[in-house]
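I have placed the structure first, in the form of structure tokens, so that the comments after it can refer back to it.
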Amino acid sequence: MPWNDQSGGGSSGSGGDGKGGPSEGPNGGPWGGGPRRPWGQPPRGPQGGQGPDLEDLLRQWRERLRMGGGGGGGGGGAGGGRRGPSWRVVAGVLLGGWLLSGAFTVNETQQAVITRFGAYDRTMGAGIHWHLPFPVEARQVVNVTSQLFDEIGCRAQGERCEDNADESLMITGDRNIVQVHFRVSYRVSNARNFLFNVRDPAAENNRPSAVRQIAESAMRQVIGRRNLEPVITGELGAVGQDVEQIIQQTLDEYEAGVQVIRVEILNSSVPPEVIEAFNDVVRARSDSEKAVNDANRETAQILNAAQAYKEQIVREATGEAQRFTSVYDEYRLAPQVTRDRLYLETMERVYRTGNLVILDQRGGAVPYLPLDNYLRRPAPASQPQQQPQQGGR
């Protein structure tokens, strides 16, 4: 039978040494076989004269890697104690993990800002990078290509834009109220300035951003310089350009690291609450302009008539003066002839309506009496016959 094969060193084992197990027979084994196991198998460990079992070594290493403790010290390991992993291994693993926590990647649309103990140190572009792990250095990744938006005057509710009266109502230069909704598009131009120079440059956690506050202030400034009618009709493009210029100038003064792309006016109208009053104002302004135009037209007519009368009087006076001057010049050349002419013209004007015949003694004219006319038509008896008068100077 197999257990009767006791060859191979009955005297090599020793009972009670704590390594090969207790001996119960004369040869150290329960069946008298010494240190050999039943069925002729050699003993494990150094007692058999061979190297350690490979299966036991692998098992011990697996247990150590699982942080479950090592194998027992001595022969079979069943009765030996377990020990924990080496502190050097644990420290190495922790150090490696700490160093690997500083590795990161940055894509093409981003920039990474590295701070050392909270202070700015450097800016990194796209690629794979490494920095000293926390708490020595930290990183903040900023998207520098995507467009950011801020809507002023309304809050987007799905496809609708709910009005915000605190932001949308503005006063124009002619003291009217206008409702303005507009959108500001911008992007990050300098990651360091964007993170460190201005508090809340972009909208975050429902807090108003610096860009939003500056845009609202710029729009109120531009609207306050213009009248209502141009703002709600034909100058929306000019208004947007002026607002964009003021926003960019202010952000550059703050060194905010923000580039304004576009200012788009979504709505510019009169508030519904004051539409009736606005219509009354428009009608009153129209009536006022009509009355002013009528008054200006009448004033122009009166001024034109006065100007024409003035020119007429001046021309007549000028003509009379020239006539008097010409008469005076003629009088100086021939005083008597001029006096006679003036006398005759004056008498002609005076006796123009009278039935008179005036004879001048100096003219040498012979009086002529039309007797034939008297004979044919005698004067009535009731009326005395008129005799021609003679006169002269």
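In this chain, numbering begins with 1 at the start of the sequence shown.
Residues satisfying the salt bridge (charged side-chain N to carboxylate O under 4.0 Å, His left out) criterion with Arg88, sequence neighbours excluded, are absent altogether. Arg283 pairs by the salt bridge (charged side-chain N to carboxylate O under 4.0 Å, His left out) definition with Asp280, not counting sequence neighbours. Applying the salt bridge (charged side-chain N to carboxylate O under 4.0 Å, His left out) criterion to Glu311, with sequence neighbours excluded, gives Arg315. In this view, Glu264 and Arg183 satisfy the salt bridge (charged side-chain N to carboxylate O under 4.0 Å, His left out) rule, not counting sequence neighbours.
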Q. Run the side chain to side chain contact (heavy atoms under 4.5 Å, CB included) check on Ile152 and Met219 step by step: do they pass?
A. CA-CA 10 Å; Ile152 295 92; Met219 180 61 74; over 6 Å; no
Q: Please assess Glu316 against Gln312 for the test side-chain hydrogen bond (donor to acceptor under 3.5 Å, both in side chains), listing each intermediate value before the final yes or no.
A: CA-CA 6 Å; Glu316 290 179 356; Gln312 178 184 358; 3.2 Å; yes
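Taking a 6.0 Å sphere around OH of Tyr120, one finds it holds more than 12 heavy atoms contributed by other residues, nucleotides or ligands. The number of heavy atoms from other shown groups lying within 6.0 Å of CG (Leu99) is above 12. Summarising the local packing, CG of Leu303 is surrounded by more than 12 heavy atoms from other residues, nucleotides or ligands at distances under 6.0 Å. Remark: Glu229 CD is loosely packed, at most 12 non-hydrogen atoms of other residues, nucleotides or ligands lying under 6.0 Å away. By the 6.0 Å contact criterion, OH on Tyr254 is open, its count of non-hydrogen atoms from other residues, nucleotides or ligands being 12 or less.
Under the side chain to side chain donor-acceptor pair (under 3.5 Å) test applied with Arg297, the options Asn293, Thr299, Asp294 reduce to a single match, Asp294.
With rounding to the nearest 0.5 Å, the separation of OG in Ser326 from OH in Tyr331 is 15.0 Å. Distance check: Ser269 OG to His181 NE2 gives 7.0 Å after rounding to the nearest 0.5 Å. The CG atom of Asp174 lies 6.0 Å from the CZ atom of Arg285; values are rounded to the nearest 0.5 Å. The distance from the OG1 atom of Thr325 to the CZ atom of Arg323 is 11.0 Å, given to the nearest 0.5 Å. Taking CD1 of Ile223 as the reference point, atom OG1 of Thr172 lies at 8.0 Å (rounded to 0.5 Å). Met170 contributes atom CE, which lies 15.0 Å from atom CG of Asn176 (distance to the nearest 0.5 angstrom).
At a threshold of 4.5 Å between non-hydrogen side-chain atoms, the residues Val184 and Phe149 do not count as touching. Using a 4.5 Å heavy-atom cutoff, the side chains of Arg226 and Val178 are not in contact. Gln259 places a side-chain heavy atom less than 4.5 Å from the side chain of Gln248. Contact annotation: the side chain of Leu169 approaches that of Gln179 to within less than 4.5 Å [non-hydrogen atoms, C-beta and beyond]. Taking 4.5 Å as the limit, some side-chain heavy atom of Val144 sits within range of a side-chain heavy atom of Val188.
Using a cutoff of 4.0 Å between basic side-chain nitrogens and carboxylate oxygens, Arg220 and Glu216 are scored as salt-bridged.
Side chain of Asn197 to main chain of Gly257: no donor-acceptor pair is present (N/O by atom type, distance under 3.5 Å, no hydrogens or angles). Thr250 places a side-chain N or O within 3.5 Å of a backbone atom of Ile246 that can act as its donor or acceptor partner. In terms of modelled atom types and a separation under 3.5 Å, the side chain of Ser185 and the main chain of Ile261 share no donor-acceptor contact. No donor-acceptor pair under 3.5 Å is formed between the side chain of Ser288 and the backbone N or O of Ala284.
For the residue pair Ser189 and Tyr186, no side-chain donor N or O sits within less than 3.5 Å of a side-chain acceptor on the partner.
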Enumerate, atom names and distances included, each donor-acceptor pair closer than 3.5 Å involving a side-chain atom of residues 106-114, sequence neighbours excluded.
from: Asn107; atom 1: OD1; to: Thr109; atom 2: N; distance (Å): 3.1
from: Asn107; atom 1: OD1; to: Thr109; atom 2: OG1; distance (Å): 2.9
from: Asn107; atom 1: OD1; to: Gln110; atom 2: N; distance (Å): 3.3

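If you chain together hydrophobic residues whose side chains sit under 4.5 Å apart, Val337 and Tyr343 never meet in one group. Both Leu148 and Leu195 are part of a single hydrophobic cluster, where members link through side-chain heavy atoms under 4.5 Å apart.
Within the structure, every pair that satisfies the side-chain hydrogen bond (donor to acceptor under 3.5 Å, both in side chains) test and touches residues 127-143, not counting sequence neighbours, is listed here: Arg116-Glu137, Arg122-Glu137, His131-Arg139, Asn143-Thr145, Asn143-Ser146.
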